[in-house]
Amino acid sequence: MKSNLVIQTMLDHKSIRKYTDEVPSDEVIKTIVRAGQQAPFASQYYSVLLSRNRARNPYKAPLLFTICVDSHKFELIMVRRNWKLVTNDLTLMLFGIQDAALMAENMVIAGRSLGLGSCFLGSALYRAEKIAEEYDLPKRVFPLVQLVMGYPAEDPSTRPRYPIEFTLFEDKYPNLNQDTISKAMQQMDEGYLAQDYYRNLNAKIKLEVNREETFTYDNYSWTEHICRKWGQWYPDPKTLLEQLEKRGFHITRKRPK
Ligand SMILES: Cc1cc2nc3c(=O)[nH]c(=O)nc-3n(C[C@H](O)[C@H](O)[C@H](O)COP(=O)(O)O)c2cc1C
């Protein structure tokens, strides 16, 4: 494989969940956000909120960014141009998610290049109203994901990824045979087990369905973890749709006039 500083920085990515007390300077913060902004965009349909209140995030990181899909400020521009928004909110949301995610990952890489570690927090989706209150968000701004950042007080090994053969398919989607699936599962599970990842995080997901628990932290790993998530949680989109509706995004119907 080719290697250079950018590739090395990206391949060295690992989520950081322990932080020193050192507070990143304003210059560092600005650099990270500015580098984030330079990500490609469909319409810069996002905003980033910053909180320096350590108590506000579970890992007590000095910085907490909340990455939002933001239609509010774009609509202000439309008013100035004397245009009315007609595109449906599902389309806007899907493009907005891409804009926001690309920006957020650019921030992660920029942070890493300056010696900072980070970790995303996915719970924002389901705490949208709470976050909206905390940050005084106008309607049509939806908190998508949070990102904690700071100087690392741990240096875990990088976590595994699927084999590239399970990710990159040229010209045609292949018939995935059992052997390929086993190899992909093995690479992920052995990689996380080698780090005692779930034991260290004390993060085994409880069985809520009628199944006997046969896993201990000696064999509980990524594929079981992710199956327990998507095999048990959020069967009904209602809660999320409600969060979106409360924030003024109407995903399953036309936006009311
Ligand atoms: C959208 C998203 C949500 C995440 N939510 C959480 C979270 O709530 N808590 C957490 O500790 N890690 C969270 N993570 C981090 C993942 O667990 C982590 O990226 C994954 O295990 C791969 O490990 P690595 O980032 O160290 O390579 C999240 C990552 C993403 C992209």
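Note that ligands are numbered from 1 as they come in the structure, with each ligand's atoms numbered from 1 the same way.
Within 6.0 Å of the CD atom in Glu27, the count of heavy atoms belonging to other residues, nucleotides or ligands does not exceed 12.
In this structure, atom 19 (O) of ligand 1 lies nearest to the protein heavy atom Ser15 OG, 3.3 Å. Looking only at protein heavy atoms, the nearest one to atom 31 (C) of ligand 1 is Phe120 CD1, 3.9 Å.
For ligand 1, the atoms sitting less than 4.0 Å from at least one non-hydrogen atom of Tyr192 are 20 (C), 21 (O), 22 (C), 23 (O), numbered in the order shown with element in parentheses. Of all the atoms in ligand 1, the ones that sit under 4.0 Å from a non-hydrogen atom of Tyr197 are 17 (O), 21 (O). Interface atoms of ligand 1 facing Cys119, defined by a heavy-atom separation under 4.0 Å, are 10 (C), 11 (O), 12 (N). Which parts of ligand 1 touch Tyr59 is read off a 4.0 Å heavy-atom cut-off, strictly below it: atoms 9 (N), 10 (C), 11 (O). Taking every heavy atom of Gly122 and a limit of under 4.0 angstrom, the matching atoms of ligand 1 come to 3 (C), 4 (C), 5 (N), 6 (C), 7 (C), 8 (O).
Using a 4.0 Å cut-off between charged nitrogen and carboxylate oxygen, Arg228 and Glu213 count as a salt-bridge pair. A salt bridge links Lys238 with Glu242: the distance from a Lys NZ or Arg NE/NH1/NH2 to an Asp or Glu carboxylate oxygen falls below 4.0 Å. A salt bridge links Arg52 with Asp26: the distance from a Lys NZ or Arg NE/NH1/NH2 to an Asp or Glu carboxylate oxygen falls below 4.0 Å.
Taking distance alone, with nitrogen or oxygen atoms compared against 3.5 Å, Lys14 stays at or beyond that limit from ligand 1. For Ser123, no nitrogen or oxygen atom sits less than 3.5 Å from a nitrogen or oxygen atom of ligand 1, counting backbone and side chain alike. Polar contact with ligand 1: absent for Val145 (N/O pair, distance under 3.5 Å).
No heavy atom of Trp222 sits closer than 4.0 Å to any atom of ligand 1.
Ser182 and Gln186 share no side-chain donor-acceptor pair at under 3.5 Å.
Contact detail for Leu116 and Pro24: the closest heavy-atom pair is CD2-CG, 3.6 Å.
Figure legend: cation-pi geometry between Lys204 and Tyr217, with NZ or CZ positioned under 6.0 Å from the six-membered ring centre and within 45° of its axis.
The closest side-chain heavy-atom distance from Leu85 to Leu92 is below 4.5 Å.
The option with the heavy atom closest to atom 15 (C) of ligand 1, from among Glu105, Arg159, Arg161, Arg17, is Arg17.
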